[in-house]
Enquirer: 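Sharing a structure below in structure tokens format, with a few things to ask.
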2 protein chains.
Amino acid sequence: MSDLLERLRGRGWRMTAQRRVVAEVLDGEHVHLTADEVHARAVAKLPEISRATVYNTLGELVSLGEVIEVSTDKRAKRYDPNAHRPHQHLVCGQCGAIRDVHPSGNPLADLPDTERFGFTISDVEVTYRGVCPNCAGA
Amino acid sequence: MSDLLERLRGRGWRMTAQRRVVAEVLDGEHVHLTADEVHARAVAKLPEISRATVYNTLGELVSLGEVIEVSTDKRAKRYDPNAHRPHQHLVCGQCGAIRDVHPSGNPLADLPDTERFGFTISDVEVTYRGVCPNCAGA
DNA sequence: ACTTGACTTAGACATTGTCTATCGTAGGAT
DNA sequence: ATCCTACGATAGACAATGTCTAAGTCAAGT
């Protein structure tokens with residue numbers, strides 16, 4: 001599991017108990033946690049950890065490109081540790097479940113030059129919305 | 001400009017000064033305003049209008065499918081009155097400028113069945129991120 | 001014009017995120 | 001091994017955005 005910790009150490013990250021805990025939380029379960037959920041899980045492992053530290057650490061991980069911020073939900077940002085394989089998200093509008101999915105083509109190619117208005121495009125974010133089998137069945 | 005107002009009236013919307021003002025603000029400029037910006041512009045036309053009413057009215061317009069909620073920016077939701085032509089957004093990461101763009105194909109088709117996990121997909125949200133000519137030039 | 005239920009209001013409250021001043025500590029230097 | 005120091009952590013205030021409530025107001029049907 002510690003590929004993440006290894007990489008961070010390799011980048012000269014100063015390793016602290018708090019940062020380790022946050023990294024472990026993210027690395028442990030490949031779900032999409034909100035900052036507060038990360039905080040809650042971190043507190044379980046290290047009760048003194050503060051909210052600010054979790055936010056700071058998450059922000060640093062995002063800057064380092066180790067995790068991705070997603071805002072599928074209109075409320076809080078979520079953090080996706082699966083940053084090394086480009087992927088998109090499939091969101092259930094009822095229960096809020098999120099799945100990672102992998103596109104067939106390159107979505108960047110779908111935008112013709114005439115629609116780029118001189119922008120230099122670096123990234124595309126694609127979110128499919130629908131209803132998951134669970135919610136549809138009920 | 002009052003296609004919007006017409007449609008709303010036709011749907012049995014109870015027409016009040018506040019709702020008219022909010023609808024006019026959205027219908028007037030085809031930009032992507034935050035709820036607070038809508039409120040500010042509404043106050044300019046009708047000083048007594050309250051924040052709650054603006055939020056309520058925006059929520060209703062979204063439910064009715066007359067405007068779309070977009071969260072390109074990580075902060076506030078933005079409201080896009082251009083709900084009747086499917087489109088996507090192009091966002092400048094530096095200045096936050098947002099442009100509507102029109103896709104060449106149907107992005108829904110890009111997700112193979114094997115990646116749908118039983119979801120019934122109803123919508124795709126695509127956001128291209130990059131740098132606008134203005135910011136790139138500077 | 002009257003009545004009624006839907007709409008509006010002000011402001012408290014909730015949630016999420018940021019900032020600051022202070023304290024603690026990881027890791028290099030000695 | 002111990003000390004130093006700069007970087008990180010902390011608590012809690014603050015800010016931004018959004019939601020809720022209780023009471024007052026008004027559009028529209030009768």
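Worth knowing before you read on, the calculation uses all heavy atoms, side chains too, and leaves out hydrogens, waters and symmetry mates. Numbers restart at 1 for each chain; the letters A, B, ... are given by sequence-line order, proteins then strands. It should be emphasised that the depicted structure is a prediction, and the values quoted were computed from it without experimental measurement.
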Enquirer: Please determine whether a side-chain nitrogen or oxygen atom of A:T16 lies at a distance below 4.0 Å from atom OP1 or OP2 of D:dA9.
Expert: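 Yes, within the criterion.
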
Enquirer: To the nearest angstrom, how far is A:N56 atom CG from C:dT20 atom C1'?
Expert: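 Interatomic distance, CG of A:N56 to C1' of C:dT20: 12 Å.
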
Enquirer: Within this structure, what is the CE-to-P distance between A:M15 and C:dG24, rounded to whole angstrom?
Expert: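 The answer, rounded to whole Å, is 23 Å.
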
Enquirer: Mind calculating the distance between NZ (A:K77) and P (D:dT17) to the nearest angstrom?
Expert: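 Result: 12 Å.
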
Enquirer: Going hydrophobic residue to hydrophobic residue with side-chain gaps under 4.5 angstrom, can you get from B:I98 over to A:V124?
Expert: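 Shared cluster, no.
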
Enquirer: OP1, OP2 of C:dT9 versus side-chain N and O of B:Q18: anything below 4.0 Å?
Expert: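 Yes, within the criterion.
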
Enquirer: Could you tell me the separation between the CH2 atom of A:W13 and the C1' atom of D:dA9, rounded to a whole number of Å?
Expert: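 Computing the A:W13:CH2 to D:dA9:C1' distance gives 13 Å.
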
Enquirer: Verify whether one side chain among A:H89 and A:E125 offers a donor that lies under 3.5 Å from an acceptor in the other.
Expert: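 A:E125 and A:H89 do not have a side-chain donor-acceptor pair below 3.5 Å.
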
Enquirer: Please work out if A:A52 contacts a base, only the sugar-phosphate, or nothing of the nucleic acid, heavy-atom cut-off 4.0 Å.
Expert: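 The answer is base, as A:A52 lies within the cut-off (heavy atoms under 4.0 Å) of a base atom.
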
Enquirer: Could you tell me how far apart B:L5 (CG) and D:dA27 (P) are, to the nearest whole angstrom?
Expert: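 Rounding to the nearest Å, CG of B:L5 and P of D:dA27 are 15 Å apart.
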
Enquirer: Can you tell me if the side-chain N/O atoms of A:R19 get under 4.0 Å from OP1 or OP2 in D:dG8?
Expert: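 Indeed, a polar side-chain atom of A:R19 lies that close.
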
Enquirer: The side chain of A:R14 is closest to which nucleotide in this list: D:dA6, D:dA27, D:dA11?
Expert: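 The closest nucleotide is D:dA6.
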
Enquirer: Rounded to the nearest 0.5 Å, how far apart are CG of A:D80 and CG of A:L26?
Expert: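 Rounded to the nearest 0.5 Å, the CG-CG separation comes out at 9.5 Å.
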
Enquirer: Atom CD of A:E115 and atom CD1 of A:I121: how far apart are they, to the nearest 0.5 Å?
Expert: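 A:E115 CD to A:I121 CD1: 10.0 Å, rounded to 0.5 Å.
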
Enquirer: Quick one: does A:R78's side chain have a donor or acceptor within less than 3.5 Å of a partner on A:H32's backbone?
Expert: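 Checking the backbone N and O of A:H32 against the side chain of A:R78, a donor-acceptor pair under 3.5 Å is found.
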
Enquirer: Reckon A:Y55 has a side-chain N or O less than 4.0 Å from the OP1 or OP2 of C:dG17?
Expert: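 Affirmative; the distance criterion is met.
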
Enquirer: Remember a base hit wins even if backbone is also touched, and classify A:T53 as base, sugar-phosphate or nothing at under 4.0 Å, heavy atoms.
Expert: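 The answer is base, as A:T53 lies within the cut-off (heavy atoms under 4.0 Å) of a base atom.
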
Enquirer: In whole Å, I'd like the distance from the CZ atom of A:R51 to the P atom of D:dG12.
Expert: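 Roughly 12 Å, once rounded to whole Å.
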
Enquirer: What's the CG-C1' distance between B:L46 and C:dA10, to the nearest Å?
Expert: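 After rounding, the reported distance stands at 15 Å.
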
Enquirer: How many whole angstroms separate atom CD of A:E37 from atom P of C:dT15?
Expert: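 Atom CD in A:E37 sits about 14 Å away from atom P in C:dT15.
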
